[in-house]
Amino acid sequence: MIIQTAPAGSPRLAIMMYEHTALCGQFARVFGNDEFEALSPLDPMVYVIAHHDAGWIEFDRDPITDEKTGLPYNLIETPAEYITVTSKQSPDFNERQNPFCGLISSMHSWGLYNGRYGLSQHVLITQFPDKERPVAERMLDGELARQKRLKADVAEDARLSDRLDEKKLFQNYKQLQFIDTLALYFNRVHRDERGPQTFEHVPLNAENDTSVTIRPQQPGVYSLSPFPFAPNGAEFAFAGRHLTPRRHEANGGWTDALRKAPTEWERFKLVPA
């Protein structure tokens, strides 16, 4: 679950991970233009991007309370004993669709704990207390074994085997990372607190990357430079529900509190700079 920032004293918007990945799926369907190579293979990539955090579904229905905030834990602040389960279950889910989806999902899970394969300075595993790291390390070893097994399966599929070329595979991985972090820009930060942000290592193709900068232009409109999508001015949207600290205590737990909270939507447009 993502707990969005908010002005002091205001309720916080809680966004389920399936709502986050729904926004990712919207971006995935329109990624690519004359400058940015489109997703390929298209259907498997759209699927895995739209389901890359599917392992959170059960946890988000009945989340654990962060005693510091009185709210459900916010995404990567979730303790290792819980987040490592979701990190394994997401590739489990995607592997059931096909081996390629499972492979990209597994790379995403492994990368989150290891600086996104060197593309990010944030290394999740280092934030865990020493006593919790063996849990994460066992999960990560399992993901490396999964990737080896799934690569062998993908190699047997004539429609997908060319994507095992390292440059093409990491093009797919980096496409997911850009779309994921762009969605997090909106999901994690209140609209009044968003500013310019630059996304590095956005693939133009299998050989070359670039940096993309987003800037708020006016309420509900954001520019991107360079612009990586096909439609100019397309509208996107995501959902969440506002929560106040300890709300679960008066509602029989977070499951009921989340069910009773009205769903609220934010809509925005993306345009070239």
Side-chain angles (χ1 to χ4, degrees), residues 1-39 42 45-53 74-76 108 116 119-120 122 171-172 174-205 208-243 261-273:
M1 186 178 295
I2 298 168
I3 305 297
Q4 193 182 76
T5 64
S10 299
R12 307 276 295 275
L13 190 69
I15 300 159
M16 303 284 199
M17 295 307 288
Y18 73 82
E19 292 163 329
H20 160 68
T21 55
L23 178 59
C24 293
Q26 294 171 50
F27 292 152
R29 289 178 181 88
V30 295
F31 182 88
N33 52 34
D34 290 343
E35 188 173 4
F36 290 81
E37 194 169 277
L39 302 179
L42 180 60
M45 280 299 295
V46 170
Y47 185 90
V48 68
I49 289 172
H51 297 88
H52 70 272
D53 285 325
N74 185 14
L75 196 54
I76 61 172
H108 177 73
R116 297 183 189 261
L119 303 178
S120 169
H122 185 262
Q171 177 188 10
N172 290 140
K174 287 183 282 190
Q175 287 168 333
L176 168 55
Q177 301 318 297
F178 167 65
I179 289 171
D180 181 33
T181 52
L182 180 61
L184 289 172
Y185 171 86
F186 291 98
N187 294 153
R188 296 185 67 183
V189 182
H190 188 274
R191 69 186 77 188
D192 293 339
E193 300 174 356
R194 294 178 195 140
Q197 181 174 326
T198 297
F199 304 89
E200 298 179 340
H201 305 291
V202 183
L204 296 165
N205 48 53
N208 300 297
D209 297 345
T210 190
S211 295
V212 174
T213 299
I214 188 169
R215 290 184 175 89
Q217 295 298 315
Q218 62 189 63
V221 180
Y222 299 80
S223 69
L224 289 166
S225 178
F227 191 71
F229 298 113
N232 175 355
E235 184 175 83
F236 303 90
F238 66 92
R241 58 217 43 80
H242 279 104
L243 297 178
T263 300
E264 302 184 36
W265 288 85
E266 180 182 343
R267 292 174 172 81
F268 58 91
K269 292 183 178 180
L270 298 178
V271 300

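Given the structure is predicted, the values throughout are model-derived calculations rather than measurements.
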Q) For Asn74, which residues count as a side-chain hydrogen bond (donor to acceptor under 3.5 Å, both in side chains) partner, sequence neighbours excluded? A) none

When the side chains of residues 6-15 are checked against the rest of the protein, which donor-acceptor pairs come out under 3.5 Å, sequence neighbours left out?
{"residue": "Ser10", "atom": "OG", "partner": "Pro7", "partner atom": "O", "Å": "3.3"}
{"residue": "Arg12", "atom": "NE", "partner": "Gln4", "partner atom": "O", "Å": "2.6"}

Q | Under the side chain to side chain contact (heavy atoms under 4.5 Å, CB included) test, residues paired with Asn208 that sit two or more places apart | A | Leu204, Asn205

(Q) If I take atom NE2 from residue His201 and atom OG1 from residue Thr181, how far apart are they, to the nearest 0.5 angstrom? (A) 11.0 Å

Q: Please tell me if the side chains of Leu39 and Ile49 come closer than 4.5 Å, counting only heavy atoms from C-beta onward.
A: yes

When the side chains of residues 266-273 are checked against the rest of the protein, which donor-acceptor pairs come out under 3.5 Å, sequence neighbours left out?
{"residue": "Glu266", "atom": "OE1", "partner": "Arg194", "partner atom": "NH2", "Å": "3.0"}
{"residue": "Glu266", "atom": "OE2", "partner": "Arg194", "partner atom": "NH1", "Å": "2.7"}
{"residue": "Glu266", "atom": "OE2", "partner": "Arg194", "partner atom": "NH2", "Å": "3.3"}

Q: Applying side chain to side chain contact (heavy atoms under 4.5 Å, CB included), name anything that partners Ala230, two or more places apart in sequence or on another chain.
A: none

Which atom pairs, donor and acceptor, lie under 3.5 Å between side-chain atoms of residues 25-33 and protein residues at least two apart or in another chain?
{"residue": "Gln26", "atom": "OE1", "partner": "Ala237", "partner atom": "N", "Å": "3.1"}
{"residue": "Gln26", "atom": "NE2", "partner": "Ala237", "partner atom": "O", "Å": "2.8"}
{"residue": "Arg29", "atom": "NH1", "partner": "Gly25", "partner atom": "O", "Å": "3.0"}
{"residue": "Asn33", "atom": "OD1", "partner": "Glu35", "partner atom": "N", "Å": "2.9"}
{"residue": "Asn33", "atom": "OD1", "partner": "Phe36", "partner atom": "N", "Å": "2.9"}
{"residue": "Asn33", "atom": "ND2", "partner": "Phe227", "partner atom": "O", "Å": "2.7"}
{"residue": "Asn33", "atom": "ND2", "partner": "Phe229", "partner atom": "O", "Å": "3.1"}

Q. Among all residues two or more places apart in sequence or in another chain, which pass the ring-ring contact (aromatic ring centres under 6.0 Å, His included) test with His51?
A. Tyr47, Phe93

Q) Short question: side chain of Tyr185, backbone of Pro196 - any donor-acceptor pair under 3.5 Å? A) no

Q: Output the distance between atom OG1 (Thr21) and atom CD1 (Ile179), rounded to the nearest 0.5 Å.
A: 12.5 Å

Q: First locate atom NE2 of His108, then atom CZ of Arg116, and finally report the distance between them rounded to the nearest 0.5 Å.
A: 6.0 Å

Q.
Ring centroids only, cut at 6.0 angstrom: are Tyr222 and Phe186 within range, meaning strictly under it?
A. yes

Q | For His20, side-chain hydrogen bond (donor to acceptor under 3.5 Å, both in side chains) partners two or more places apart | A | Asp180, Asn187

Q. For Ala261 and Leu243, which heavy atoms make the closest approach, and how far apart are they?
A. CB-CD2, 4.5 Å

(Q) If the condition is salt bridge (charged side-chain N to carboxylate O under 4.0 Å, His left out), which residues does Glu19 pass it with, not counting sequence neighbours? (A) Arg241

Q | Test side-chain hydrogen bond (donor to acceptor under 3.5 Å, both in side chains) applied to Glu264 - qualifying residues, sequence neighbours left out | A | His242

Q | Atom pair CD1 (Ile214) and CG (Leu224), whose distance is rounded to the nearest 0.5 Å | A | 4.5 Å

Q.
If I take atom CE from residue Met17 and atom CD1 from residue Ile2, how far apart are they, to the nearest 0.5 angstrom?
A. 4.5 Å

Q: Apply side-chain contact (heavy atoms from CB on, under 4.5 Å) to Leu182 and Val212, showing your working.
A: CA-CA 10 Å; Leu182 180 61; Val212 174; over 6 Å; no

(Q) Would you compute the distance between atom SG of Cys24 and atom CZ of Phe178 and round it to the nearest 0.5 angstrom? (A) 10.5 Å

Q: Output all residues satisfying side-chain hydrogen bond (donor to acceptor under 3.5 Å, both in side chains) with Asn172, sequence neighbours left out; order by chain, then residue number.
A: Arg163, Gln175

Q. Can you list every salt bridge (charged side-chain N to carboxylate O under 4.0 Å, His left out) pair that touches residues 227-239, not counting sequence neighbours?
A. none

